[in-house]
Amino acid sequence: MTSTVRRATGTDDTLHRPGRWLALAVLALAVLLVAVDATVLGLATPFLSEDLGPSATQLLWIGDVYSFVIAGLLVSMGSLGDRIGRKKLLLTGAVAFGAVSVLNAYATTPELMIAARALLGVAGATLMPATLALIRNIFHDPRERSLAIGIWGAMASAGAAVGPVVGGFLLEHFWWGSVFLINLPVMAILVLVGVKLIPESKNPVTGPWDLASVALSLIGMVAVVYAIKEAATHGPSWQAGAAAVIGLAALYGFVRRQLTLPAPLLDMRLFRHRGFSGAVLADLLTILGLSGLVFFLSQFLQLVQERRPFEAGLAELPAAIGAVATGLAAGAVARRFSVRGVVAGGLAAVGLALGGLTLVSQSTGYPLLGAILLVVGAGAGFSFTVTADVILSSVPKEQAGAASAVSETAYELGAALGIALLGSIVTGVYRGFATPDGIPVGVASAAHESLGGAVEAAAGVPGETGAALVAAAQRAFVDGLHVAAAVSAVVLLATAAAAWFLLRGQRLEAHADHP
């Protein structure tokens, strides 16, 4: 009788699992590390280039193959975790992530570095959906789960912001491989503590892991993301077009196959739920609007305002502070007011803040930049935390891995689209600047490729002529940033309006589900 009463009141040990917050801390470590690893390489690229001597194409693959592989495998790995056990997949992936990090750190050729980054992407794809799915299965009380998701999202945001700070510090004191070796102690803690504290969970009723679906998902996502990045970097080409056609055909085949399989990798019926689809779409469009601007803002801080890498990383911290603060409170605020109000309001705040970037110049003081970044982080913290909660709450906990993977895939695809589309805008505006008189043709050509190229080329031009070239390139870059910021603001405000309608009537769970 006592057991029955305790279960009815939702206070038994299976509902409030002992050690659940320590288990969350371990999961948050994994998220933090994957987020740091996604941003830290950018700062190390110049040092890596000098040491390994990659070609321009190889350098692009070193930077991109990690995100290509993650985007292609997220859905497959989320589904695999549902089948074999999310804890098993997470710990296996953590061991692999640590081992492959060593391979990255001590790579001696560009080819080995590309292969190592690809393998790191495979390991990374096991971590992100598994962590969010485990939260769904560890926290059965919806209010606790909202807070746990807020902490999970806060760590992801903090990782993206801390990456440049950690990377800047390490690169000023050690060699470039150190940015990968920081993964080892974190992964060791994750595995040793996770074995004891993280409970296993999986879908008790599953079919085989369909390898044809895995292949279609991988080919489709990698080809589409490659096509987007190729078109952004080199402009429209037959290679980008062919990759896009192959990718879209593979994704079409993937969807058709899922609709016919008795135990699909991804249950397409999830998208019939308006809250689920609305939250996924909001995430994709929000990241699309944010990612390109964050990418180019780092260049603005370093190459226009001439801050050191470590200083530039510190300058971006207000975004993480804002995201952490609002992410922790997002669930309670959404229950107090409404899901659509919090999501739409957060996105509108981000859109208005991005509009504020149209006012910045080379001489803009840090208070305005810091305020803009704080609002961007706060708005994103509200939005992403609540949409993640909606996505997880919209599906049975047995399908949490697949649902988490859809959320993460939207993030990766949105990031690729954002950098590609906004990058094309910034590059298009930038390349139109007029070079000062007396600049050699070769130097002018290099300067028009990128702002970094202009700074490097100007170093070989004596006197005031070189300084004038850098100043002209900086002004052009800021002009491009203004246009991209305006486009991003429009995208975010339109997404806020869409979220207001798509999430109408959506509420976060108020009652506990029982294991």
Requested in this report: Please examine the side chains of Ile138 and Leu24, heavy atoms only from C-beta on, and report whether any two atoms are closer than 4.5 Å.
Outcome: no
**Report entry** Test side chain to side chain contact (heavy atoms under 4.5 Å, CB included) applied to Ala325 - qualifying residues, sequence neighbours left out
**Finding:** none
Query raised in the report: Looking at CD1 of Ile114 and CG of Asn104, how far apart are the two atoms once the value is rounded to the nearest 0.5 Å?
Result: 11.5 Å
Query - Side-chain heavy atoms of Val69 within contact of Val222, under 4.5 Å - result: no
Report summary line: The complete set of salt bridge (Lys or Arg N to Asp or Glu O under 4.0 Å) pairs with one or both residues in residues 343-359, sequence neighbours excluded, reads none
**Report entry** Residues that Thr364 engages under side chain to side chain donor-acceptor pair (under 3.5 Å), provided they are two or more places apart
**Finding:** Ser361
Report summary line: Output for pair (Leu317 CG, Leu373 CG), nearest 0.5 Å, gives 9.5 Å
Requested in this report: Report yes if some heavy atom in the side chain of Leu147 is under 4.5 Å from a heavy atom in the side chain of Trp21; otherwise report no.
Outcome: yes
Query raised in the report: Considering all heavy atoms of both residues, which atom of Leu301 and which atom of Ala315 are nearest to each other, and what is their separation?
Result: CD1-CB, 4.1 Å
Could you list the donor-acceptor pairs under 3.5 angstrom formed between side-chain atoms of residues 493-504 and any protein atom two or more places apart in sequence or on another chain?
{"residue": "Thr495", "atom": "OG1", "partner": "Val491", "partner atom": "O", "Å": "2.7"}
{"residue": "Arg504", "atom": "NH1", "partner": "Phe501", "partner atom": "O", "Å": "3.4"}

Query raised in the report: When rounded to the nearest 0.5 angstrom, what distance separates CG in Leu27 from CG in Leu90?
Result: 6.5 Å
Query raised in the report: Looking at Ala243 and Ala223, what are the two nearest heavy atoms and their distance?
Result: O-CB, 3.3 Å
Requested in this report: Hey, could you give me the OG1/CZ distance between Thr326 and Phe384, rounded to the nearest 0.5 Å?
Outcome: 11.0 Å
Report task. Kindly write out the residues that satisfy side chain to side chain contact (heavy atoms under 4.5 Å, CB included) with Val483, not counting sequence neighbours, or none if the list is empty. Result -> Ile425, Val429
Requested in this report: State, to 0.1 Å, how close Ile391 and Ala279 come at their nearest heavy-atom pair, and which atoms those are.
Outcome: CG1-CB, 3.6 Å
Query raised in the report: Which value, rounded to the nearest 0.5 Å, describes the distance between Lys87 atom NZ and Leu91 atom CG?
Result: 6.5 Å
Query raised in the report: Taking side chain as C-beta onward, heavy atoms only, is Arg86 less than 4.5 Å from Ile135?
Result: no
Query raised in the report: Taking the side chain as C-beta and beyond, is there a heavy-atom pair between Leu120 and Ser101 under 4.5 Å?
Result: yes
Report summary line: By side chain to side chain contact (heavy atoms under 4.5 Å, CB included), Val26 pairs with (sequence neighbours left out) Leu190, Val193, Ile198
Query - Least distance between heavy atoms, Ser213 atom then Leu261 atom - result: OG-CD1, 3.6 Å
Query raised in the report: Under the salt bridge (Lys or Arg N to Asp or Glu O under 4.0 Å) rule, what pairs show up with a residue in residues 236-254, not counting sequence neighbours?
Result: none
Query raised in the report: Hey, are the side chains of Leu357 and Leu369 touching, using non-hydrogen atoms and a 4.5 Å cut-off?
Result: yes
Query raised in the report: Do you know which two heavy atoms are closest between Ala227 and Ala240, and how far apart they sit?
Result: CB-O, 3.3 Å
Query raised in the report: Hey, which of Val342, Leu347, Val350 is the one that makes side chain to side chain contact (heavy atoms under 4.5 Å, CB included) with Phe382?
Result: Val342
Query - Residue pairs fulfilling salt bridge (Lys or Arg N to Asp or Glu O under 4.0 Å) with at least one residue in residues 486-496, sequence neighbours excluded - result: none
Query raised in the report: Among all residues two or more places apart in sequence or in another chain, which pass the side chain to side chain contact (heavy atoms under 4.5 Å, CB included) test with Ala349?
Result: Val375
Report task. Return each pair, listed once, that meets salt bridge (Lys or Arg N to Asp or Glu O under 4.0 Å) where at least one residue sits in residues 237-260; pairs must be two or more places apart or across chains. Result -> Asp210-Arg257
Report summary line: OG1 of Thr385 to CD1 of Ile151, rounded to nearest 0.5 Å, is 10.5 Å
Which pairs would a plain distance check flag for residues 281-288, meaning a side-chain donor or acceptor within less than 3.5 Å of a matching protein atom at least two apart in sequence or in another chain?
{"residue": "Asp283", "atom": "OD1", "partner": "Thr387", "partner atom": "OG1", "Å": "2.8"}
{"residue": "Thr286", "atom": "OG1", "partner": "Ala282", "partner atom": "O", "Å": "2.5"}

Requested in this report: State, yes or no, whether a side-chain contact exists between Arg117 and Val100 at a heavy-atom distance under 4.5 Å.
Outcome: no
Query raised in the report: Any donor and acceptor pair, going by atom type alone, linking the side chain of Ser217 with main-chain N or O of Val214 inside 3.5 Å?
Result: no
Query raised in the report: Are the side chains of Met221 and Val224 in touch, meaning some heavy atoms are under 4.5 Å apart?
Result: no
Query raised in the report: Which heavy atom of Val343 sits nearest a heavy atom of Ser383, and at what distance?
Result: CG1-OG, 3.8 Å
